[in-house]
Number of protein chains: 2
Amino acid sequence: MGTPLPRDPIADAQRNWERHGWGNVAAPMAAITAIMRTQQILLARIEGALKPFGLTFARYELLALLSFARSGALPMSKASALLQVHPTSVTNAVDRLEKAGLVIRSPHPTDGRTTLIELTTEGRTVAKRATAVLNTEVFSQSGFADGEVDQLIRILGDFRRQAGDFSD
Amino acid sequence: MGTPLPRDPIADAQRNWERHGWGNVAAPMAAITAIMRTQQILLARIEGALKPFGLTFARYELLALLSFARSGALPMSKASALLQVHPTSVTNAVDRLEKAGLVIRSPHPTDGRTTLIELTTEGRTVAKRATAVLNTEVFSQSGFADGEVDQLIRILGDFRRQAGDFSD
DNA sequence: GCAATATACTAGGACATCCAAGGGTTTGGA
DNA sequence: TCCAAACCCTTGGATGTCCTAGTATATTGC
């Protein structure tokens, strides 16, 4: 976050790894570090685009997920599984979205253990607007070429499957 | 987070985007979401490997950075710039590392504003051991093929340069 | 030489994430 | 039928990140 560095710090780290006898894992280390940094940059852009809506990325993701659910409602546990975050993170996000009037909690009709998260009318509107802004301000100007996008989707998709994200 | 999902949630999201008229940005959206998720998986692996050392990734990165500095010491501001994190994050990390006896703060000899972070003997030892574990348990088994590693380094390197990380 | 500006670090607050624990609800086998 | 195991959500605690000041020290410029 400030001025650009004169040299790529990750490439430097890779050289350091090689110099200290870890040449065999220097490249994967650099790739992984680059993923961490890229995520950080992208997250900052996303949060910047969502700020006017009073949303964070975590809350937006939940809102978007609900807006794609046919009934506009989902059990907390389902949301946790689909977003692949800890249940307590969902609790946290729902608390804040509920306070903002974008969702409401309601009891599950047949399972007393389950709480449903339901989109309010305003929640649906905000989700739609935020999606439009995110698409035009972030996703449409990602900085990745079409071919790179395809490669990323394939490489990271394989990785995620192998990591146990999905069995597909 | 637990059992694998039957289907890739990101591919589902991509289909939802297309179905709702955002087909032109569905792919970048999917690629970016995949980066976010991949980062999450990798971070969990890394933190798992570092746990026995009482280190988090943030603290490890600082320790590793110091261990590569010739004198074993760096100004806070320099560390902040190289790690590309907010200065307050460095303050936080140093607070904890100092409490653990792995680094010490010392005044800069000529610039009264600057605080130097210096590796202790124990800090250097821990850094070396943690690096070995990280390399053998995480980086050497990243799950990325050699060719994929190269592609990631190139694609994400271009992205980071374009995002203003470095001018190289 | 002294005021204005820039730089370095820290304090306090808002959020997000995870883990560990706890209390309520269901389910399933003895 | 009934109780233990499984499941669902929430609370409390620890970390990390960033932002917005606020304090202290350096540098610049008039």
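Keep in mind that the numbers below use all heavy atoms, side chains included, and drop hydrogens, waters and symmetry copies. Below, chain A is the first sequence line, B the second, and so on; all start at residue 1.
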For the side chain of B/Arg59, starting at C-beta, report the closest nucleotide among C/dC9, D/dG16, C/dC18.
D/dG16
Under 4.0 Å between a side-chain N or O of B/His108 and OP1 or OP2 of C/dA8?
no
Using OP1 and OP2 only, check whether a side-chain N or O of B/Arg113 sits under 4.0 Å from D/dT23.
no
How would you label the contact of A/Ser77 with the nucleic acid (heavy atoms, under 4.0 Å): base, sugar-phosphate, or nothing?
sugar-phosphate
Donor-acceptor contact below 3.5 Å, side chain B/Ser167 vs main chain A/Leu5:
yes
D/dG16, OP1 or OP2 - any side-chain N/O from B/Arg96 closer than 4.0 Å?
yes
Give the rounded distance in Å between these two atoms: NE2 of A/His86 and P of D/dA14.
16 Å
May I have the distance from A/Ile46 (atom CD1) to D/dT17 (atom C1'), rounded to whole angstrom?
16 Å
Counting distance alone, no hydrogens or angles: does the base of C/dC18 have a donor or acceptor under 3.5 Å from a partner atom on the side chain of A/Ser89?
no
Could you state the CG-P distance from A/Asp111 to D/dA6, rounded to the nearest angstrom?
17 Å
Taking the six-membered ring for Trp, are A/Phe144 and B/Phe159 parallel (under 30°), tilted (30 to 60°) or perpendicular (over 60°)?
parallel
Starting at CD1 of A/Ile117 and ending at P of D/dC8, how long is that distance when rounded to a whole Å?
13 Å
Regarding the side chain of B/Val85, the nearest nucleotide among C/dT17, D/dT11, D/dT17 is D/dT17
Which comes earlier along DNA chain D counting from the 5' end, the contact point of A/Lys51 or that of B/Thr110, where each point is its nearest nucleotide?
A/Lys51
Counting any heavy atom closer than 4.0 Å, what does A/Gln40 reach on the DNA or RNA strands: base, sugar-phosphate only, or nothing?
sugar-phosphate
Separation of C/dT17 atom C1' from B/Phe57 atom CZ, nearest Å, is 16 Å
Quickly work out the A/Leu83 CG to C/dC18 P distance and round it to whole Å.
11 Å
Quick one: does A/Thr88 reach the base of C/dC19 with a side-chain donor-acceptor pair under 3.5 Å?
yes
Just call it for A/Thr56: base, sugar-phosphate, or nothing, with non-hydrogen atoms closer than 4.0 Å on any strand.
sugar-phosphate
Between the main-chain N or O of B/Val85 and the side-chain N or O of B/Ser89, is there a donor-acceptor pair closer than 3.5 Å?
no
Specify the separation, in whole Å, of atom CD of A/Glu61 and atom P of C/dA16.
12 Å
Testing C/dC19, D/dC9, C/dC9 for proximity to the side chain of B/Thr115, the answer is C/dC9
Atom-pair distance (CG on B/Leu55; C1' on D/dT15), nearest Å
13 Å
Do the non-hydrogen side-chain atoms of B/Tyr60 and B/Ile46 ever get within less than 4.5 Å of each other?
no
Scan A/Thr114 against the nucleic acid and name what it touches under 4.0 Å (heavy atoms): base, sugar-phosphate only, or nothing.
sugar-phosphate
Within one Ile-Leu-Val-Met-Phe-Trp-Tyr cluster: B/Phe139 and B/Leu42, side-chain cutoff 4.5 Å:
yes
Short side-chain N/O contact from A/Arg105 to OP1 or OP2 of D/dC9, under 4.0 Å
no
For side chain to side chain contact (heavy atoms under 4.5 Å, CB included), just list the numbers for B/Leu119 and B/Leu102, CA-CA rounded to whole Å, side-chain angles, deciding distance to a tenth of an Å, and then say yes or no.
CA-CA 6 Å; B/Leu119 217 47; B/Leu102 305 182; 5.8 Å; no
